[in-house]
There are 2 protein chains.
Amino acid sequence: MPMKHDIAQRLSQYRSVLYKLKALGFVRVFSDNLGDALEISPALVRKDFSTFSLTGNKRGGYRIDDLLDKLNRLLGKDKVQRIIIVGCGKIGQALMSYSGFTREGIQVVAGFDSNAAVIAPQASIPILDIKELKTYVKREGIRIAIVAVPDNSASHVFDLLRAAEIKGILNFAPVPLKGAEGCVVRNINIGLELENLFYLVRFAGKVPPQPAARPAG
Amino acid sequence: MPMKHDIAQRLSQYRSVLYKLKALGFVRVFSDNLGDALEISPALVRKDFSTFSLTGNKRGGYRIDDLLDKLNRLLGKDKVQRIIIVGCGKIGQALMSYSGFTREGIQVVAGFDSNAAVIAPQASIPILDIKELKTYVKREGIRIAIVAVPDNSASHVFDLLRAAEIKGILNFAPVPLKGAEGCVVRNINIGLELENLFYLVRFAGKVPPQPAARPAG
DNA sequence: GAAGATATGTGAATCGTTTCACAACAACGA
DNA sequence: TCGTTGTTGTGAAACGATTCACATATCTTC
Ligand SMILES: NC(=O)c1ccc[n+]([C@@H]2O[C@H](COP(=O)([O-])OP(=O)(O)OC[C@H]3O[C@@H](n4cnc5c(N)ncnc54)[C@H](O)[C@@H]3O)[C@@H](O)[C@H]2O)c1
Ligand SMILES: NC(=O)c1ccc[n+]([C@@H]2O[C@H](COP(=O)([O-])OP(=O)(O)OC[C@H]3O[C@@H](n4cnc5c(N)ncnc54)[C@H](O)[C@@H]3O)[C@@H](O)[C@H]2O)c1
């Protein structure tokens, strides 16, 4: 139950940085290097590694290959992760044809849509009728889905995915789906990110949450 | 300097929920209602409001219209926010044609690209040559940009935006751009979100950060 | 092989955020 | 008018995450 809210995120980031360092010819890293790269303190890097028993050497830091092996295993990078995309509109199709996933060991194996004009079972990544969702998910053992349907279909699609016993959802509809027993949800709300950015920019430097000068007293 | 890292995010979420309640005919809300909606405690809702001097009534809760007025002002929703998109490929174009932004008072006023085949200065949302970026940004007083260029162009584009004195960036390239003096950056890394989801799903319920049973002793 | 230099690994201290708990107050009913 | 009810507003407590600080291990050099 106690889940450090973004240590896993950092693990992925360490991994990404480590690959870059490795490509540059480095063999070892120090907690300072990783701290600089992620803009966190070296102590936190060490704490994180310690949490997952990623050990180094009291002098020469950490062996990059060693860290990468362990991180890859920890993050499930030793096998290709297969996902589906529900809603093959603008966002959905952009994601389906995104080559960056492959590099990360993520494979989009199918799309699903309710619009007959979009369905294309013979495409290299087949787009199937949403009615086939449950059968497909069960047969192929899919655990993760991306939701990219219009806002007003999102909660219906959410129910379908739950019925198909999907274990994790990445949701692009600006309708916060609430995680439920046995199904983790992460919401990506681009509008919200922008609003946040406006706010941050507006109050950059200035007194941010203006606690309203107390009426003299 | 001390910046509560996601209180602004919550402010936007309150706003969104309040509009839904209003549409349903509600006039007042209680901290409990908002707490339920955002899956946070009512106490935090009250603390947040208190921080921004959003006051309610000791019995009948908060007046929705009142909250919305104040939140809108606080979040800069009283005027349309004008943004640009750099990199008009798959993601960039999906965002340019996304109608959801308009609803939120966000207007994409131009796109920029380096590929002549994509440039279209006469389109309803013009796509201009990246060379015109600085001039345009200064002339139009643009403060926020979305970056949707390929990974290896990201940091170059970042420099161009900084030179144009852009104040905030929403970055889709999986290359963590580091915020700098006078420029806030938010990175959206979809691959990272997916990896995180895999991790969460893999360890759902089970012992998560396996602290490696100590060697008897 | 001892001395010095340098990084890790981690318990304790710190810091920021969230929750608790309750006084203060508004509305309502008798 | 006065008690009862229900909700806010907020100091203080609890909690969780991060940083500090240092003992400990390893490498390097003489
Ligand atoms: N396009 C963007 O840039 C953008 C940005 C932020 C958020 N979003 C959000 O992402 C979601 C998708 O946006 P989009 O622009 O790709 O929309 P879109 O209209 O282009 O695509 C939606 C697709 O979902 C399909 N669909 C509708 N109901 C369905 C159902 N019940 N089952 C299966 N498929 C169904 C439609 O046929 C369509 O192909 C929306 O919720 C939108 O708010 C989009
Ligand atoms: N497509 C996706 O689903 C997806 C998902 C996650 C992340 N991303 C990331 O988003 C970014 C864009 O992805 P995409 O699929 O839209 O790529 P894309 O190749 O379709 O589009 C990139 C656009 O940027 C333009 N460009 C290149 N260099 C430029 C420069 N120096 N100045 C201005 N414009 C320039 C190109 O001409 C092209 O139009 C990439 O970094 C990618 O990793 C994309």
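The chains referred to below are lettered A, B, ... by the order of the sequence lines, with proteins before strands, and numbering in each begins at 1.
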Let me check something: any side-chain donor-acceptor pairs from residues 144-156 of chain A under 3.5 Å, sequence neighbours excluded? List them with distances.
{"from": "Asp151(A)", "atom 1": "OD2", "to": "Arg103(B)", "atom 2": "NH2", "distance (Å)": "3.1"}

Using atom types as modelled, flag every donor-acceptor pair under 3.5 Å from a side chain in residues 82-91 of chain A to any protein atom, sequence neighbours excluded.
{"from": "Arg82(A)", "atom 1": "NH1", "to": "Glu140(A)", "atom 2": "O", "distance (Å)": "3.0"}
{"from": "Arg82(A)", "atom 1": "NH2", "to": "Glu140(A)", "atom 2": "OE1", "distance (Å)": "2.8"}
{"from": "Lys90(A)", "atom 1": "NZ", "to": "Ser97(B)", "atom 2": "O", "distance (Å)": "3.3"}

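Residue pairs that meet the side-chain hydrogen bond (donor to acceptor under 3.5 Å, both in side chains) test with at least one member in residues 15-38 of chain A, sequence neighbours left out, are Arg15(A)-Asn72(A), Arg15(A)-Glu104(A), Tyr19(A)-Asn72(A), Lys22(A)-Asp65(A), Ser31(A)-Arg46(A). For the side-chain hydrogen bond (donor to acceptor under 3.5 Å, both in side chains) condition, the pairs that include at least one residue of residues 177-191 of chain B, sequence neighbours left out, are Glu193(A)-Arg186(B), Asn196(A)-Arg186(B), Asn171(B)-Asn187(B).
In this structure, the CG atom of Asp32(B) is 14 Å from the C1' atom of dG9(D), given to the nearest Å.
Axis angle, first five pairs versus last five pairs of the helix from dG1(C)-dC30(D) to dA30(C)-dT1(D): 0°, rounded to 10°.
Taking side-chain N and O atoms only, Ser31(A) has no distance below 4.0 Å to OP1 or OP2 of dA7(C). Residue Ser41(B) places no side-chain N or O under 4.0 Å from the OP1 or OP2 atom of dT18(C).
Taking each heavy atom of Phe158(B) and Ile169(B) in turn, the nearest pair found is CD1-CD1, 3.5 Å.
Contacts of residues 18-26 of chain B with DNA chain C (heavy atom under 4.0 Å): none.
Here Asp69(B) pairs with nothing under the salt bridge (charged side-chain N to carboxylate O under 4.0 Å, His left out) rule; sequence neighbours left out. Residues meeting the ring pair (Phe, Tyr, Trp, His ring centres under 6.0 Å) test with Tyr136(A), sequence neighbours left out: Phe112(A). Here Lys77(B) pairs with Glu195(A) under the side chain to side chain donor-acceptor pair (under 3.5 Å) rule; sequence neighbours left out. Not counting sequence neighbours, the partners of Asp48(A) by the salt bridge (charged side-chain N to carboxylate O under 4.0 Å, His left out) test are Arg10(A). Remark: Lys138(A) engages Glu165(A) in a salt bridge (charged side-chain N to carboxylate O under 4.0 Å, His left out) (not counting sequence neighbours).
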Report task. Take nucleotides 21-30 of chain D nucleotide by nucleotide from the 5' end and write B, S or -, depending on whether a protein heavy atom sits under 4.0 Å from the base, only from the sugar-phosphate, or from neither. Result -> B--BBBBS--
